[in-house]
**Student:** 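Can you read through this structure? Questions will come right after.
Everything numeric here is computed off the predicted structure, so don't read it as measured data. All values below come from the heavy atoms of this structure, side chains included, with hydrogens, waters and symmetry mates left out.
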Protein chains: 2
Amino acid sequence: MGTVSKALSLLAYFTHGRPEIGLSDLTRLSGMNKATVYRLMGELQESGFIEQADGDRSYRLGPEVLRLAALREAAVPILSVSRRVLKDLSEETGETTHLSLLQGSQLNSLSHAYSPRHATRVMMDDAEVLSYHGTASGLAVLAFAEPEFSETILTAPLPRHTADTVTDPGAIRTLLDAIRQSGVAQSVGGFEAEVHSHAVPVFGPDARVIGALAVAAPASRISDAQAAEIAAALLRAGQTLTRRIGGAAPAHYPQQAAA
Amino acid sequence: MGTVSKALSLLAYFTHGRPEIGLSDLTRLSGMNKATVYRLMGELQESGFIEQADGDRSYRLGPEVLRLAALREAAVPILSVSRRVLKDLSEETGETTHLSLLQGSQLNSLSHAYSPRHATRVMMDDAEVLSYHGTASGLAVLAFAEPEFSETILTAPLPRHTADTVTDPGAIRTLLDAIRQSGVAQSVGGFEAEVHSHAVPVFGPDARVIGALAVAAPASRISDAQAAEIAAALLRAGQTLTRRIGGAAPAHYPQQAAA
DNA sequence: AGTATCGGTTCATTATTTGAACCATTGGTT
DNA sequence: AACCAATGGTTCAAATAATGAACCGATACT
């Protein structure tokens with residue numbers, strides 16, 4: 001691992017639950033030498049990727065990432081395009097919708113929309129890591145990812161998030177086959193209890209899966225009829241999003257399913 | 001300059017006008033050795049900061065920056081807070097508004113809002129570099145920045161963007177004094193001809209200037225009365241934004257100006 | 001007074017980065 | 001078809017930068 005990768009890997013320790021990290025904590029988290037962490041953080045700070053909080057001297061993400069994200073969006077406007085699609089989809093279904101993107105081997109939630117229709121909603125955060133086997137989005141991605149990638153995920157230990165999480169690799173492979181048939185993944189309470197979510201894959205220009213579009217609703221609200229409606233709406237929205245970002249579904253993706 | 005800074009400095013060559021860069025171009029732009037650039041870009045790619053376009057092999061910003069930006073916003077929600085302020089301000093003034101933030105020694109536009117009131121509007125891009133001496137935002141920042149910083153900017157060569165750009169450091173110092181008095185900066189056609197813009201500084205938690213909030217309008221539309229209205233609205237909006245992001249104006253900032 | 005944190009610093013040792021030169025391909029010119 | 005000038009990518013000895021154990025001063029708690 002080069003020095004640059006090491007420095008950038010430090011950025012991965014910042015999450016919603018841990019937005020600021022002190023030098024000693026970061027040293028422990030990363031397992032690197034304190035002097036090394038200190039110097040790397042200094043360089044990240046010079047470049048604006050990191051800044052130090054005013055009170056204590058703990059580190060947090062800096063303003064430079066905003067500039068880069070704005071440029072990325074200008075070049076590849078996935079998020080801005082997705083916002084419209086998410087909004088329309090949440091209005092159509094009356095439920096919370098969200099988009100997640102594959103970043104390296106990690107699936108991250110990146111954008112979401114709520115519907116005002118119901119008082120109870122599934123709440124979402126952006127930049128959260130999604131479980132592959134526990135979420136509909138994760139299953140949708142696995143079903144259409146390269147087989148080696150899916151196998152790597154499935155052969156690693158699969159944590160049990162709730163009582164309903166499916167953790168048997170064999171059972172999941174069966175699920176994935178069904179998803180490949182229908183084009184829509186489903187998960188009931190696999191990550192958070194009482195959350196019923198549906199998801200479809202989103203494809204990039206080379207017809208490879210780049211993420212997933214999902215609808216998440218309180219489980220008690222979802223009848224079979226509603227599930228079918230959501231699935232149909234998702235398939236349409238997924239195809240729209242894939243097309244608008246200049247992507248293309250692979251030939252084997254069930255294009256005409258559910259009118 | 002450490003290896004990490006070198007790698008990150010490569011990211012700075014990506015702009016709106018140049019969203020994709022090939023290896024050879026990047027080598028020329030950066031002045032580094034080709035092998036060095038190649039290896040650094042490889043590391044940035046592994047971390048998801050860079051990805052390679054499908055067709056040719058040129059580089060562009062990767063999806064990882066989106067995740068970091070979402071986390072930064074969760075920790076320090078300047079952009080999301082500013083969007084409301086910008087929207088209200090553009091509705092109130094009927095003109096285009098934008099927020100720019102100081103990143104290192106560079107001032108970048110990062111968020112904007114349009115008003116539907118007029119058919120002709122000043123158009124904005126996010127993640128564009130703003131001139132200090134040619135824009136109202138730049139002047140607002142200079143007026144309230146550390147004196148050494150302002151002097152560094154003013155003693156460097158000041159490019160003439162339009163026929164109306166003020167490029168004499170002495171004249172600019174006089175302007176800055178006036179801005180410190182009124183709290184509002186103004187520039188007519190200093191960066192783009194026919195654009196009349198007003199701007200106020202935005203302050204961080206340590207009462208240091210972190211950016212500027214601006215209103216930009218076609219010069220022909222701005223009468224003295226309208227300029228006064230815009231200035232008043234800007235002062236109010238600037239104070240709101242500074243407060244909402246947990247910032248504080250310095251004691252010498254004209255707080256009560258224009259009720 | 002003692003001790004266990006914390007952020008930050010030092011400097012000889014070590015390992016990584018560097019760059020000139022080299023390949024293989026592609027696309028345009030003669 | 002031969003040539004030239006690009007491109008992205010690769011090699012390896014030499015130069016440089018990264019590393020880590022130990023140390024410092026400050027703060028807070030026992």
**Student:** Round to a whole Å and report the spacing from CD of B:E43 to P of D:dG9.
**Tutor:**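 To the nearest whole Å, that distance equals 15 Å.
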**Student:** Does a donor on one side chain and an acceptor on the other come within less than 3.5 Å for A:E128 and A:S109?
**Tutor:** no
**Student:** Does OP1 or OP2 of D:dA17 have a side-chain N or O of A:T3 closer than 4.0 Å?
**Tutor:** no
**Student:** Considering just the side-chain nitrogens and oxygens of A:Q45, establish if one lies under 4.0 Å of OP1 or OP2 belonging to C:dG8.
**Tutor:**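 Checking C:dG8 against A:Q45, no side-chain N or O comes under 4.0 Å of OP1 or OP2.
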**Student:** Does a side-chain heavy-atom distance below 4.5 Å link A:S82 with A:L241?
**Tutor:** yes
**Student:** Would the number of heavy atoms belonging to other residues, nucleotides or ligands and lying under 6.0 Å from CD of B:E192 be above 12?
**Tutor:**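 Count not over threshold, so no.
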**Student:** Whole angstrom is fine here: how far is it from CE in A:M1 over to C1' in C:dA15?
**Tutor:**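 Answer to the nearest Å: 14 Å.
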**Student:** B:Y132 and B:L102: which non-hydrogen atoms are nearest, and at how many Å?
**Tutor:**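 What the structure gives for the nearest pair is OH-CD1, 3.0 Å.
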**Student:** Which nucleotide, D:dA18, D:dG9, C:dG7, lies nearest any side-chain atom of B:Y59?
**Tutor:**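 Within the option list, the nearest is D:dG9.
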**Student:** Nearest of C:dG8, D:dA18, D:dG9 to any side-chain atom of B:L23?
**Tutor:** D:dG9
**Student:** For A:G22 and B:L40, find the nucleotide of DNA chain C closest to each by heavy atoms; which residue's nucleotide sits nearer the 5' end?
**Tutor:**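 Of the two residues, A:G22 wins.
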**Student:** Nearest to the side chain of A:S24 - D:dG8, C:dG7, C:dT18?
**Tutor:** C:dG7
**Student:** For B:F203 and B:I245, which heavy atoms make the closest approach, and how far apart are they?
**Tutor:** O-CD1, 3.9 Å
**Student:** Is any side-chain heavy atom of B:V209 less than 4.5 Å from a side-chain heavy atom of B:L142?
**Tutor:** no
**Student:** Near DNA chain C, which residues from residues 26-37 of chain B have a heavy atom under 4.0 Å away?
**Tutor:** B:N33, B:A35, B:T36
**Student:** Whether A:Y38 contacts C:dG7 is assessed here as follows: a side-chain N or O lying under 4.0 Å from the phosphate OP1 or OP2. Is that the case?
**Tutor:** no
**Student:** In whole angstroms, how far is the C1' atom of D:dG8 from the CE atom of B:M41?
**Tutor:** 13 Å
**Student:** In this structure, are over 12 heavy atoms from other groups packed under 6.0 Å from B:E20 atom CD?
**Tutor:**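 Yes.
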**Student:** Closer to the 5' end of DNA chain C via nearest nucleotide, is it A:R57 or B:R39?
**Tutor:**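 Looking at DNA chain C, the more 5' nearest nucleotide goes with A:R57.
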